[in-house]
Amino acid sequence: MTFPKNFLWGGAVAANQCEGAWNIDGKGISTADCMTAGSVNVRREYTDGIVDGKYYPNHTAIDFYHHYKEDIALFAEMGFKCFRTSIHWTRIFPEGDEVVPNEKGLQFYDVLFDECLKYGIEPVVTISHYETPYGLVKKYGSWRNRKMIDFYLHFCETIFDRYKNKVKHWMTFNEINTIIFHPSVPTGIRVDEGENFDQVVYQAAHHILLASAKAVKLGHSINPDFKIGMMMLGHPYYAETCKPEDQWESKNMADRNYYFSDVQVRGAYSKKALKFLESKHVRLDKVKDDDRILSEGTVDFIGFSYYHSFVASSSNERDFTAGNVLKTIKNPYLKTSDWGWQFDPIGLRIEMNNLYDRYQKPVFIVENGLGAYDSINEKGEIIDDYRIDYLRKHIREMEKAIVQDGVECIGYTPWGCIDLVSMGTGEMDKRYGFIYVDRDNAGKGTLQRIKKKSFYWYKRVIETNGVDLGR
Ligand code: BGP
């Protein structure tokens, strides 16, 4: 007994972090194009448009736009069954509010998906992955504005219709639950001083949830075979001790993290979520049909990213360490990466169980991986045993969740299957890939692709459907 026969082994990227070609073939400016480079200690700056003299790593990224054929051939060599990417909204609607789409942008995804299908690789598409057309931010205030629902829906209708015979698995928004922590990254929203932060972000989130629900309904009407999922940052919370106050904190934090998935999977805000909004003095501006719309657009599966677990404590006097989007209290039982993220393979099994128990819907692990410094040795090789070790341990736990716990899981797409620009820091040196890309933090390099040791390891994992994990 091991992984299901049709398990979707693959890899994941996001358009804005790999494509580059930010102003080519009619593409407009997206919020991701306005993110400067940062580092472990320096936060990325989100500038008001493109400012002269600043370096924007996503503008060129790894130039996947011009290298996709070569890159997909490498994915095919590893035996990928699927490839998760996103569609750059601004390639299709440069400003966001156009009626007629940009044909050149549509053509790019046509050839990209055809190239995947040629090798039997199924494209898995995130509709909006951490970017919003900058035109919509400037003209309408982004997701603060209800009008966004229609712009997003028009985008969805265009791509659903165009790619209905090429794409089956879709996800409406990447890591939807993170908008409440860093609204500028997914939406370009800046919350001004003096504004009620919670009121702004939860109202924007309400619009996003409505847009997601409408998109699910629309997608199913365009092609009933579509599987449309939600996507969240998934992680379990461990109570720091068995003190009841710590236990309560971890339960409460976990429920808070399911705020979005509860709506997207069950079709309504939980009572606890409504109480939470009340406690924050948030009054959701809802119109008559909103509740019906949410109930009619429930998702088919739960996509989630998993990088590490969190510790919850009733005390704030604790040591923190960095994490994906959010920092967490240090867990003394776990090791950390060079960027301070803790590794916790068992946490993946726990979160798969948490989600499946809560919703009884299939899960799809659409991101997981280790950001690490890689070096090329004198023979020109990249021996990334640390990455292999990380992934192997996570795959083992995933297998236990499927085989021993009965969790339905559609597939596994490790993050950044080819090196790309880090979302959090804008660095190239924070590498996740099976394929190395010769590009540095300053945007220098030949862009040459080199297979790492993990490339051959993952190929064998897929070939044996997860039986041979190499130890
Ligand atoms: C997730 C995002 C990705 C990705 C990943 C790794 O939260 O969905 O876009 O970048 O995290 O994070 P980072 O790039 O900051 O290492």
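Both ligands and their constituent atoms are indexed starting at 1 by order of listing.
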field: Donor + acceptor pair across side chains of Glu175, Ser305 (<3.5 Å)
entry: yes
field: Heavy-atom nearest neighbour in the protein, as seen from atom 12 (O) of ligand 1, with distance rounded to 0.1 Å
entry: Trp341 CH2, 3.5 Å
field: Residue and atom name of the nearest protein heavy atom (relative to atom 14 (O) of ligand 1), distance in Å to one decimal
entry: Met423 N, 2.7 Å
query: Purely on distance, is any nitrogen or oxygen of Tyr432 under 3.5 Å from one on ligand 1?
result: yes
message: Could you check whether atom NZ of Lys272 has more than 12 heavy atoms from other residues, nucleotides or ligands sitting under 6.0 Å from it?
response: yes
field: Nearest non-hydrogen protein atom, atom 2 (C) of ligand 1
entry: Glu367 OE1, 3.4 Å
message: Is Trp339 close enough to touch ligand 1? Criterion: a residue heavy atom under 4.0 Å from a ligand atom.
response: no
message: Using a 3.5 Å cut-off on N or O atoms only, is Met231 in polar contact with ligand 1?
response: no
field: Distance-only side-chain donor-acceptor flag, Arg358 / Ser261, under 3.5 Å
entry: no
query: So, Gln342 and Thr328: side-chain donor and acceptor under 3.5 Å apart, yes or no?
result: no
- request: For the residue pair Ser337 and Tyr390, confirm or rule out a side-chain donor-acceptor distance under 3.5 Å.
  value: no
message: Whether Arg91 engages the ring of Phe108 as a cation-pi pair (distance to the six-membered ring centre under 6.0 angstrom, angle to the ring normal within 45°) should be assessed.
response: yes
- request: State the atoms of ligand 1, each with its element, that fall below the 4.0 Å cut-off from a heavy-atom position in Asn174.
  value: 8 (O)
message: Give the atom numbers and elements of ligand 1 that come within less than 4.0 Å of a heavy atom of Lys430.
response: 13 (P), 15 (O), 16 (O)
query: What residue and heavy atom of the protein are closest to atom 11 (O) of ligand 1, and at what distance?
result: Asn324 ND2, 3.3 Å
- request: Please state which part of Ser422 comes within less than 4.0 Å of ligand 1, counting heavy atoms only: side chain, backbone, both or neither.
  value: both
Close N or O approach (Glu175, ligand 1; < 3.5 Å): yes
query: So which protein heavy atom does atom 5 (C) of ligand 1 come closest to, and at what separation?
result: Tyr307 OH, 3.3 Å
field: Pair Lys452 + Asp419: basic N to acidic O under 4.0 Å
entry: yes
message: For ligand 1, which is the ligand I care about here, please tell me if Gln17 has any N or O atom under 3.5 Å from one of the ligand's N or O atoms.
response: yes
- line: All heavy atoms of His394 vs all of Leu348, minimum pair found to be O-CD2, 3.6 Å
- request: Indicate yes or no: does an N/O atom of Ser305 lie under 3.5 Å from an N/O atom of ligand 1?
  value: no
query: Would a line drawn from the ring center of Trp143 to the ring center of Phe173 be shorter than 6.0 Å?
result: yes
task: Would you check whether Gly424 has a nitrogen or oxygen atom less than 3.5 angstrom from a nitrogen or oxygen atom of ligand 1?
output: yes
- request: Using only heavy-atom distances, determine whether the side chains of Asp48 and Tyr134 contain a donor-acceptor pair under 3.5 Å.
  value: yes
